[in-house]
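All ligand and atom numbering here is 1-based and tracks the order in the structure. Worth saying up front: this structure is predicted, and the values here are computed from it rather than measured.
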Amino acid sequence: MKDTFKHKGLRQQLVDGIESKGIKDKNVLKAIGKVPRHLFMDSGFLDHSYQDKAFPIAADQTISQPFTVAYQTELLQVKKGDKVLEIGTGSGYQAAILCELGAKVYSIERQLELFKRTSKFLPKLGYGVKKFIFGDGYKGLEEEAPFDSIVVTAGAPFVPKPLLSQLKIGGRLVIPVGDNVQTMTLLIRKDIKEFEKHEFDKFRFVPLLEDKN
Ligand code: SAH
């Protein structure tokens, strides 16, 4: 598990590219510059790991495009010590970025293979995720609620109600909503029943699935 000068150089180019695409938050850019993305991908993809593209990982899933991770993370406005719930652990790349920002991260994955792999792998890299959960992200994580923010890293056909009810007042839910194409959506909890909705650019995510396989 090496992180060489070459990797660091490629990573800086990636950061510059993401910045030129419109990401402004310096802390988010710094986090992208720190996380060794090449270690999150199968070795066959090493040469591609610092291109701003999504790539296949195990179990027919993908590691999100770095720009997309930066985009969602910027919308979350993570502060040090925030309690953040991630839906869709996948490779663990987004979780690592959240850890770099000083968040207390809880992450749910519905595929056993990815859950097992990533919950072993991230601690090895020194990322202290608070809890990995093997389960259904549509339900959120009631026993650890409320959260400062929640990020959904798969395309959701609708906004699951439990995720809204597990936000703190002032908390933020960032979720790509739609079937084939998703609209990045930010919901801010203003009061017990009041949510402010903002819609942003279109993205394509793998689907947030309802049934376990
Ligand atoms: N955050 C990941 C992106 C992974 S892609 C990363 O940084 O690499 C989306 C992930 O969501 C996949 O791993 C998929 O298995 C998972 N997923 C899909 N439906 C889910 C559900 N209902 N609950 C939890 N995870 C789900």
Closer than 4.0 angstrom: is that true for some heavy atom of [X] and an atom of ligand 1?
{"X": "Glu86", "result": "yes"}
{"X": "Ala59", "result": "no"}
{"X": "Thr89", "result": "yes"}

Query - Neighbour count above 12 (heavy atom, 6.0 Å) for Lys161 NZ - result: no
Query raised in the report: Above 12 or not: heavy atoms from other molecules or residues under 6.0 Å from NZ of Lys34?
Result: no
Query raised in the report: Heavy-atom distance under 4.5 Å between the side chains of Ile150 and Val174, does that happen here?
Result: no
Query raised in the report: Are any of the side-chain heavy atoms of Val177 and Glu199 separated by less than 4.5 Å?
Result: no
Per-atom contacts of ligand 1 with [X], taking only distances under 4.0 Å to non-hydrogen atoms:
{"X": "Ile108", "value": "24 (C), 25 (N)"}
{"X": "Gln111", "value": "15 (O)"}
{"X": "Tyr93", "value": "7 (O)"}
{"X": "Leu114", "value": "13 (O)"}
{"X": "Ser64", "value": "3 (C)"}
{"X": "Ser91", "value": "6 (C), 7 (O), 8 (O)"}
{"X": "Gln94", "value": "1 (N), 7 (O)"}
{"X": "Val206", "value": "5 (S), 9 (C)"}

What protein heavy atom is closest to [atom], reported as residue, atom name and distance in Å?
{"atom": "atom 5 (S) of ligand 1", "answer": "Thr62 O, 3.3 Å"}
{"atom": "atom 9 (C) of ligand 1", "answer": "Thr153 O, 3.4 Å"}
{"atom": "atom 12 (C) of ligand 1", "answer": "Gln61 OE1, 3.3 Å"}
{"atom": "atom 23 (N) of ligand 1", "answer": "Gly137 N, 2.8 Å"}
{"atom": "atom 22 (N) of ligand 1", "answer": "Leu209 O, 2.7 Å"}
{"atom": "atom 15 (O) of ligand 1", "answer": "Glu109 OE2, 2.6 Å"}
{"atom": "atom 25 (N) of ligand 1", "answer": "Arg110 N, 3.5 Å"}

Query - For ligand 1, the portion of Ala95 having any non-hydrogen atom under 4.0 Å away - result: neither
Nearest 0.5 angstrom please: [X] [atom1] to [Y] [atom2], how far?
{"X": "Leu85", "Y": "Gln166", "atom1": "CG", "atom2": "CD", "result": "7.0 Å"}
{"X": "Lys53", "Y": "Leu14", "atom1": "NZ", "atom2": "CG", "result": "12.0 Å"}
{"X": "Gln182", "Y": "Met184", "atom1": "CD", "atom2": "CE", "result": "8.5 Å"}

Query raised in the report: Within 45° of the six-membered ring axis of Phe121 and under 6.0 Å from that ring's centre, is NZ or CZ of Lys124 located there?
Result: no
**Report entry** Axial cation check for Tyr50 ring with Arg37, 6.0 Å and 45° limits
**Finding:** no
Requested in this report: Give a yes or no on whether a salt bridge exists between Asp148 and Lys168, defined as a side-chain N under 4.0 angstrom from a carboxylate O.
Outcome: yes
Query raised in the report: Could an N or O of ligand 1 be found under 3.5 Å from any N or O of Tyr138, whether backbone or side chain?
Result: no
Report task. Answer yes or no: does an N/O atom from Asp136 fall short of 3.5 Å to an N/O atom of ligand 1? Result -> yes
Requested in this report: Between Gly92, Gly88, Ala54, Gly155, flag the one that comes closest to atom 11 (O) of ligand 1 by a heavy atom.
Outcome: Gly88
Query raised in the report: Would you call the rings of Tyr127 and Phe40 parallel, tilted or perpendicular if under 30° counts as parallel and over 60° as perpendicular?
Result: tilted
Report task. Return the orientation label for the Tyr138 and Phe158 ring planes: parallel under 30°, perpendicular over 60°, tilted otherwise. Result -> tilted
Query raised in the report: Between Tyr106 and Phe132, is the ring centre distance below 6.0 Å?
Result: no
